[in-house]
Amino acid sequence: MPRRIIDLSVALRTGIASDPARMLPEIKYIDHKMSAPAMADYMGVPVEALPEGEYAAVEQVNISTHNGTHLDAPYHFFSRMNERTVPGGEPSWRIDEVPLDWCFRPGVKLDFRAKPDGYVCQPDDVKRELDRIGHKLEPLEIVVVNTAAGARYGESDYIDTGCGMGRAATLWMLEQGVRLVGTDAWSWDAPFSHTKRRVEETGDASLIWEGHRAGREIGYCHLEKLANLDQLPATGFTVACFPVKVHRGSAGWTRAVAILDD
């Protein structure tokens with residue numbers, strides 16, 4: 001059967017506005033000529049003995065598990081999860097404990113690009129969008145949220161752009177059986193700059209990271225820094241987003257893709 005694959009991942013790059021300055025990835029590129037002397041010395045031959053004086057290209061990187069397109073484990077959100085179903089909760093899963101079965105599932109796209117920057121989506125926003133696209137959520141479907149941030153990736157305002165998903169909206173989706181969600185924004189929550197202003201105005205610290213903290217009640221995962229969500233239909237595609245197996249990590253990078261049967 002003919003099928004089309006849409007890349008939902010951004011590239012790890014040095015010098016691109018993708019994270020706060022203190023968190024930007026660093027990549028050192030070593031080309032074939034640069035690596036040749038060390039190999040020639042190890043083998044006891046002159047550099048000229050290597051084909052055209054070349055050895056291997058390699059990159060040395062200094063990155064966080066939260067740089068680039070990545071999957072967050074419940075451990076990232078809080079030390080405990082499933083407090084709603086397990087008395088006192090249970091230790092949150094690390095990324096190498098996340099069920100791979102969650103990571104290859106039918107996808108649903110919610111289009112919230114019209115929401116203003118900093119808007120916190122509520123259950124009614126999700127329900128109205130599902131009504132608009134004529135879909136009822138099924139357990140373990142992967143829900144991705146297309147925000148205004150997707151079009152600003154790499155620009156200086158990226159981390160301050162787009163809406164976020166609130167605690168109530170996140171929990172409502174989890175109550176439908178969803179366990180993996182995603183966004184093209186820097187964070188599943190509203191941008192921190194907007195949250196900071198609301199906290200200053202209200203004094204309510206519970207607003208900080210409210211969507212993430214939903215994982216205390218029901219364990220779940222989410223993807224951040226997705227790309228090309230505007231190319232997806234509302235339904236009719238499968239998401240594959242297996243994370244790199246970082247031992248006891250809070251997240252793992254993923255080459256997330258959408259698979260469409262044409």
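Since the structure is predicted, the reported quantities are computational estimates derived from the model, not experimental observations.
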Verify the distance criterion only: is there a donor paired with an acceptor across the side chains of [X] and [Y] at less than 3.5 Å?
{"X": "D117", "Y": "H194", "value": "no"}
{"X": "D184", "Y": "N146", "value": "yes"}
{"X": "E141", "Y": "H135", "value": "yes"}
{"X": "H66", "Y": "E224", "value": "no"}

Restricting to non-hydrogen atoms, name the atom on [X] and the atom on [Y] that form the minimum distance, rounded to 0.1 Å.
{"X": "R94", "Y": "E97", "value": "N-OE1, 2.7 Å"}
{"X": "I133", "Y": "A234", "value": "CG2-CB, 3.7 Å"}
{"X": "P243", "Y": "L100", "value": "CD-CD2, 4.3 Å"}
{"X": "L50", "Y": "A36", "value": "CD1-O, 3.8 Å"}
{"X": "T14", "Y": "I27", "value": "OG1-N, 2.8 Å"}
{"X": "V98", "Y": "P74", "value": "CG2-CD, 4.1 Å"}

Kindly say whether [Y] contributes a backbone atom to a donor-acceptor pair with the side chain of [X] at under 3.5 angstrom?
{"X": "T69", "Y": "K225", "result": "yes"}
{"X": "D72", "Y": "C221", "result": "no"}
{"X": "K33", "Y": "E52", "result": "yes"}
{"X": "D189", "Y": "G211", "result": "yes"}
{"X": "D261", "Y": "R3", "result": "no"}
{"X": "D125", "Y": "Q122", "result": "yes"}
{"X": "D31", "Y": "A57", "result": "no"}
{"X": "N67", "Y": "S64", "result": "yes"}

So, [X] and [Y], do they make that salt bridge, N to O below 4.0 Å?
{"X": "R84", "Y": "E175", "result": "yes"}
{"X": "E129", "Y": "R132", "result": "yes"}
{"X": "D96", "Y": "K245", "result": "no"}

note = Result for side chain to side chain contact (heavy atoms under 4.5 Å, CB included) between C103 and one of L180, V239, T254 points to L180

For the atom pair [atom1] ([X]) and [atom2] ([Y]), what is the distance rounded to the nearest 0.5 Å?
{"X": "T235", "Y": "L137", "atom1": "OG1", "atom2": "CG", "value": "11.0 Å"}
{"X": "L207", "Y": "R198", "atom1": "CG", "atom2": "CZ", "value": "6.5 Å"}
{"X": "I95", "Y": "Y75", "atom1": "CD1", "atom2": "OH", "value": "13.0 Å"}
{"X": "K109", "Y": "L226", "atom1": "NZ", "atom2": "CG", "value": "12.0 Å"}
{"X": "M81", "Y": "E90", "atom1": "CE", "atom2": "CD", "value": "4.0 Å"}
{"X": "M23", "Y": "S18", "atom1": "CE", "atom2": "OG", "value": "9.0 Å"}

Do [X] and [Y] come close enough that some side-chain heavy atom pair is under 4.5 Å?
{"X": "C163", "Y": "C121", "value": "yes"}
{"X": "P20", "Y": "I159", "value": "yes"}
{"X": "I218", "Y": "T85", "value": "no"}
{"X": "L232", "Y": "L8", "value": "yes"}
{"X": "T161", "Y": "P191", "value": "no"}
{"X": "T147", "Y": "L229", "value": "no"}
{"X": "F104", "Y": "I259", "value": "yes"}

key: Residue among F77, F192, F78 satisfying ring pair (Phe, Tyr, Trp, His ring centres under 6.0 Å) with H212   = F77

Same apolar cluster: [X] and [Y], side chain cutoff 4.5 Å:
{"X": "M173", "Y": "V108", "result": "yes"}
{"X": "V86", "Y": "L174", "result": "no"}
{"X": "L260", "Y": "V144", "result": "yes"}
{"X": "V61", "Y": "V246", "result": "yes"}

task = Mind running side chain to side chain donor-acceptor pair (under 3.5 Å) on S206 and D204 for me, showing each step along the way?
result = CA-CA 5 Å; S206 70; D204 185 359; 2.5 Å; yes

task = Could you check D111 against R113 for salt bridge (charged side-chain N to carboxylate O under 4.0 Å, His left out), going step by step and ending with a plain yes or no?
result = CA-CA 6 Å; D111 191 345; R113 286 176 290 178; 2.7 Å; yes

request  = Could you tell me whether R152 sits above the aromatic face of Y158, with NZ or CZ closer than 6.0 angstrom to the six-membered ring centre and within 45 degrees of the axis?
outcome  =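 Geometry flag: not set, cation outside 6.0 Å or 45°.
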
ask   = Is the NZ or CZ atom of R179 both under 6.0 Å from the centre of the six-membered ring of Y220 and within 45° of that ring's axis?
value =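 No cation-pi geometry.
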
Report, as yes or no, whether the 6.0 Å neighbourhood of atom [atom1] on [X] holds more than 12 heavy atoms from other residues, nucleotides or ligands.
{"X": "E200", "atom1": "CD", "answer": "yes"}
{"X": "K127", "atom1": "NZ", "answer": "yes"}
{"X": "R128", "atom1": "CZ", "answer": "yes"}
{"X": "R105", "atom1": "CZ", "answer": "yes"}

Tell me if the aromatic rings of [X] and [Y] count as close, with their centers under 6.0 Å from one another.
{"X": "F112", "Y": "Y119", "answer": "no"}
{"X": "W209", "Y": "H76", "answer": "yes"}
{"X": "W186", "Y": "Y153", "answer": "no"}
{"X": "W188", "Y": "H222", "answer": "yes"}

